[in-house]
Structure formats: structure tokens, C-alpha cells
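Step one of this worksheet: look at the structure below.
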Amino acid sequence: MNAHRPVVLITGASGGIGADLARIFAREGHDLALVARSGDRLEALAAEIAATGRARPFVLPLDLAQPQACEALALALDEAGLTPTMLINNAGFGLAGRAAMLERAGQIEMIDLNIRALTELTLRFMPAVIAGRGRIMNVASVAGFLPGPGMAVYYASKAYVVSFSQALSQELEGSDVTVTALCPGVTATDFHARAGLDASLLKNMPSMSSMVVAQAGYDGLMKGRRLVVPGLFNRLTTRLLPFMPNGLLLPVMARMQERRKGK
Ligand SMILES: NC(=O)c1ccc[n+]([C@@H]2O[C@H](COP(=O)([O-])OP(=O)(O)OC[C@H]3O[C@@H](n4cnc5c(N)ncnc54)[C@H](OP(=O)(O)O)[C@@H]3O)[C@@H](O)[C@H]2O)c1
């Protein structure tokens, strides 16, 4: 018998979309386990949630790009008597610049976080999610539907997340467990600063707030949607641009990415 307390595990919850997902899940009465590298920001969010009268989230500062991090997370949850019956793989980052110009280590770290950690956490916790008839949400991106010259590894990592999530949702059909890929477009968070994108250009682009994106993700997850693309512009992008011949699409994407990159 499993006496562990069920929690929603959210990675990358110290800011942006992940922090707003945590606020929404807490408001809806879920107990939470929150992970990111910044312990102080996680503690502040836990205190904010506790101050609303909800259970104080379990927080664990952890660099999920490190090889042993998922193992350490599983052990820490077990020791705390917690079982993730919902898993929200949100932690991720991008780097802007041509692959040949960017440092190799940072690009590999992107794969470690955006792909390897997301996959490892999904595989590790899938039995608990299935047993708890829970749900999984992987935060992908509109970038997952297109090749992204100028952010090649990031776009490719998100294509993996879309593909992996959709395939898993089919494999789990009939099990009561749903898998959702949340695919935001440009969203106003710290993502752009970390990626080395020119944040001032955000003003001239159709961008969404992290709370609006998180709410769309939560609603879609609870409805068991396979794919959630918040915003009409983003939905059109994911449906129409993949039909453009690569000979036209690739130079357009390269020019767009070049303009978005900070000096
Ligand atoms: N913002 C956008 O325009 C946009 C668009 C499409 C998709 N997305 C995706 O949305 C997700 C959330 O990003 P965001 O926009 O909310 O950006 P953000 O504000 O930078 O949040 C990223 C989160 O991931 C955490 N994180 C980063 N590296 C980590 C690591 N090595 N280990 C553990 N946690 C780590 C960060 O916390 P720490 O720094 O404290 O570790 C933070 O909590 C990402 O997967 C991103 O790719 C964003």
C-alpha cells in the first residue's frame, strides 16, 4: 500500500510560466512539489502560496541538467513521503545564436534539461502517475513545429518534446492518464534574457503573459487535451508555417531569429 501523499510536481517553478502554474494548481487545491535551481525564489513562492491558506509546497533547489539530479529528486520526494501523481515538465531554456558560434557546453546543457531531464522524470514517475490516474504536461513551444536557424538546438529540443508527448498520449490512451504538450509562443518571462534575445523587441511582437499561458495550459491539461497552443496567432503559426516549403521557410526563420538576437 502506498501511504505517500500525492503532489503535483512542477519543474522550473521559480519564475515565469512554472511559477504561475504553481499558483493556479495551489488555488485549485492541489498540493505541490516545486523544483528549480533558485532556492530563494522557490521559498518565496512557497511562502506566498502558504499565505493564501493553502498547504505550503515542498521545494527542492536542484539543477536538473546535472546527470544525478532526477535520482536525487526521486529520493527527496520519497523521503518527504510524497508521490507525484501529476507531473509538469516545464523547466527549459533556449540560447540564441548560430550553433557554430555558441559554446558547445551550453547547447548540450539545453539538451540535458529540455530533453533528457524531461524524459527521465516522465519515465521515472509514469508508474506513480498511472497508479494515481493523474496527468502529465510537458511544456514545449511553437518552436517545436518549425526548424529554427539561429536557435537550432532549442527548436529541435522542443520538436522532441512535442513528438514525445503526442506519442505518449497515444500509448496511454485508455489508461485514464492524459499527456498534454503546452506550446506557448512568445511569452513575457526571463526566458528571453537567458537566451540572449533582445527583450526590447518583445514590445513589438505579439506576446502573452505567463499567467494567461499557464491558465490555458492548466485548462487544457484538465480537459485531457493532447496539444494546447495558447493564442490565435500561435495556433495559425503551428498549423500554417509547417506547410511552407523549407526553401522559403528556413531563410525567413533565420532572418527573424537574427533580428531577435540581442547585440
Ligand atoms: N517565454 C517564452 O517565450 C516561451 C515560449 C515557448 C516555450 N517556453 C518554454 O516555457 C518553459 C518555461 O519558461 P519560461 O518562459 O517561464 O522562462 P523562465 O522564466 O526563464 O523560467 C524557466 C524556469 O526553468 C528553471 N530552470 C532553468 N534551468 C534549470 C535547471 N538547469 N534546473 C532546474 N530548473 C531550471 C528556471 O529556474 P532557475 O533559473 O531558478 O533554475 C525557471 O524556473 C520553458 O520550457 C521554455 O522553453 C517559453
Side-chain angles (χ1 to χ4, degrees), residues 9-24 32-46 57 59-70 72-73 76 88-96 105-106 108-118 120-121 137-146 148 151 153-162 164-165 180-199 201-202 205-214 216-217 227-231 233-234 237-238 257 260:
L9 171 59
I10 305 177
T11 70
S14 65
I17 298 167
D20 282 332
L21 280 166
R23 291 183 179 100
I24 293 168
L32 301 174
L34 309 177
V35 181
R37 292 169 306 171
S38 315
D40 50 345
R41 294 177 75 180
L42 289 177
E43 290 293 350
L45 179 59
V59 303
L60 190 65
L62 208 56
D63 182 348
L64 288 169
Q66 296 302 312
Q68 304 306 325
C70 297
L73 170 56
I88 313 297
N89 280 306
N90 163 76
F93 76 101
L95 288 176
I108 300 303
E109 189 186 339
M110 236 186 303
I111 292 175
D112 283 338
L113 182 64
N114 299 4
I115 297 181
R116 191 194 48 74
L118 175 143
E120 187 175 345
L121 292 178
M137 182 159 75
N138 294 327
V139 180
S141 170
V142 165
F145 295 81
L146 307 160
M151 271 184 106
V153 173
Y154 177 71
Y155 275 61
S157 75
K158 293 300 181 179
Y160 173 91
V161 178
V162 172
F164 177 61
S165 308
T180 300
L182 171 61
C183 303
V186 178
T187 308
T189 67
D190 293 344
F191 173 87
H192 306 274
R194 183 166 184 199
L197 290 161
D198 184 351
L201 290 179
L202 278 179
M205 302 182 78
S207 79
M208 298 178 82
S209 80
S210 54
M211 184 48 92
V212 168
V213 169
L227 208 59
V228 177
V229 185
F233 176 80
N234 296 325
T237 303
T238 58
Q257 229 38 268
R260 289 177 67 200

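Values below: every heavy atom of this structure, side chains too, minus hydrogens, waters and symmetry copies. Start at 1 and go down the list; that is how both ligands and their atoms are numbered.
- When every heavy atom of G94 is checked against every heavy atom of Y154, the shortest pair comes out as CA-CD1, 3.4 Å.
- Shown here for L62 and A69, the closest heavy-atom pair between the two residues is CD2-O, 3.4 Å.
- Annotation: F93 places no N or O atom under 3.5 Å from an N or O atom of ligand 1; distance criterion only.
- Listed by number with element, the atoms of ligand 1 under 4.0 angstrom from any heavy atom of D190 are 19 (O), 20 (O).
- The shortest distance between side-chain heavy atoms of T180 and N138 does not fall below 4.5 Å.
- The minimum heavy-atom distance linking I24 with M211 is given by the pair CD1-SD, 3.7 Å.
- The protein non-hydrogen atom at the shortest distance from atom 17 (O) of ligand 1 is T189 OG1, 3.3 Å.
- For ligand 1 and L62, the ligand atoms under 4.0 Å from any heavy atom of the residue are 32 (N), 33 (C).
- Residue contacts with ligand 1, taken as heavy atom pairs separated by less than 4.0 Å, do not involve E109 at all.
- Residue D63 has at least one heavy-atom neighbour below 4.0 Å for each of these atoms of ligand 1: 30 (C), 31 (N), 32 (N).
- Heavy-atom contacts of V186 reach the following atoms of ligand 1: 3 (O) (cutoff under 4.0 Å).
- Nearest to atom 10 (O) of ligand 1 among the protein's heavy atoms is V139 CG1, 3.4 Å.
- Ranked by closest heavy atom to atom 22 (C) of ligand 1, the top entry among A193, G18, G92, A214 is G92.
- Under the 3.5 Å distance criterion, with hydrogens and angles disregarded, no donor-acceptor pair is assigned to the side chains of T11 and N90.
- The shortest heavy-atom contact between A22 and L45 is CB-CD2, 3.9 Å.
- When hydrogens are left out, the protein atom nearest atom 25 (C) of ligand 1 is G12 CA, 3.5 Å; that is the closest non-hydrogen contact.
- Scanning all protein heavy atoms for the shortest distance to atom 34 (N) of ligand 1 gives A36 CA, 3.6 Å.
- At a threshold of 4.5 Å between non-hydrogen side-chain atoms, the residues V139 and V161 do not count as touching.
- The shortest contact between atom 8 (N) of ligand 1 and any protein heavy atom is with Y154 OH, 3.7 Å.
- At a 4.0 Å heavy-atom cut-off, ligand 1 touches N90 through backbone and side chain alike.
- For the pair H192 and ligand 1, a heavy-atom separation below 4.0 Å is found.
- Of all protein heavy atoms, the one closest to atom 32 (N) of ligand 1 is L64 N, 2.9 Å.
- In the candidate list S38, G94, A188, G185, G185 is nearest to atom 5 (C) of ligand 1, counting heavy atoms.
- Residue contacts with ligand 1 leave out A117, since none of its heavy atoms falls under 4.0 Å from the ligand.
- Residue contacts with ligand 1, taken as heavy atom pairs separated by less than 4.0 Å, involve R194 solely via side-chain atoms from C-beta onward.
- In terms of heavy-atom proximity, M151 sits nearest to L95 at CG-O, 3.4 Å.
- Considering each of A143, S14, A91, the one bringing a non-hydrogen atom nearest atom 43 (O) of ligand 1 is S14.
- Of the polar atoms of T187, at least one N or O is found under 3.5 Å from an N or O of ligand 1, judged by distance alone.
- The closest approach between V35 and ligand 1 stays at or above 4.0 Å for every heavy atom of the residue.
- Going from atom CG of L113 over to atom CG of N89 covers 9.5 Å, rounded to the nearest 0.5 Å.
- At a heavy-atom distance under 4.0 Å, only side-chain atoms of L113, from C-beta outward, approach ligand 1.
- Minimum heavy-atom separation, T189 to S210: CG2-CB, 3.9 Å.
- Nearest protein neighbour of atom 21 (O) of ligand 1, counting heavy atoms only, is G15 O, 4.1 Å.
- R116 and D112 are joined by a salt bridge, as a carboxylate oxygen and a charged side-chain nitrogen come within less than 4.0 angstrom of each other.
- The closest side-chain heavy-atom distance from F145 to K158 is not below 4.5 Å.
- Where the criterion is an N or O separation shorter than 3.5 Å, residue side chain and backbone included, P184 fails it with respect to ligand 1.
- Remark: distances from the non-hydrogen atoms of S210 to ligand 1 are all 4.0 Å or more.
- Proximity to S141 (heavy-atom distance under 4.0 Å) selects the following atoms of ligand 1: 6 (C), 7 (C).
- A donor atom on one side chain and an acceptor atom on the other are found under 3.5 Å apart for Y155 and Q257.
- Near G16, meaning under 4.0 Å from any of its heavy atoms, are these atoms of ligand 1: 16 (O), 19 (O).
- Shown here are the ring pair (Phe, Tyr, Trp, His ring centres under 6.0 Å) partners of F164, two or more places apart in sequence or in another chain: Y160.
- Of the residues V212, D20, N234, I17, the one that meets the side chain to side chain contact (heavy atoms under 4.5 Å, CB included) test with T187 is I17.
- In terms of protein heavy-atom proximity, atom 20 (O) of ligand 1 is closest to F191 N, 3.4 Å.
- Proximity of L60 to L73: side-chain heavy atoms (C-beta onward) are separated by under 4.5 Å at one or more points.
- The A140 neighbourhood of ligand 1 comprises atoms 7 (C), 9 (C), with distances under 4.0 Å to a heavy atom of that residue.
- Applying the 4.0 Å criterion to heavy atoms of A13 picks out, from ligand 1, the atoms 43 (O).
- Contact check for P230 versus M208: side-chain heavy atoms found under the 4.5 Å cut-off.
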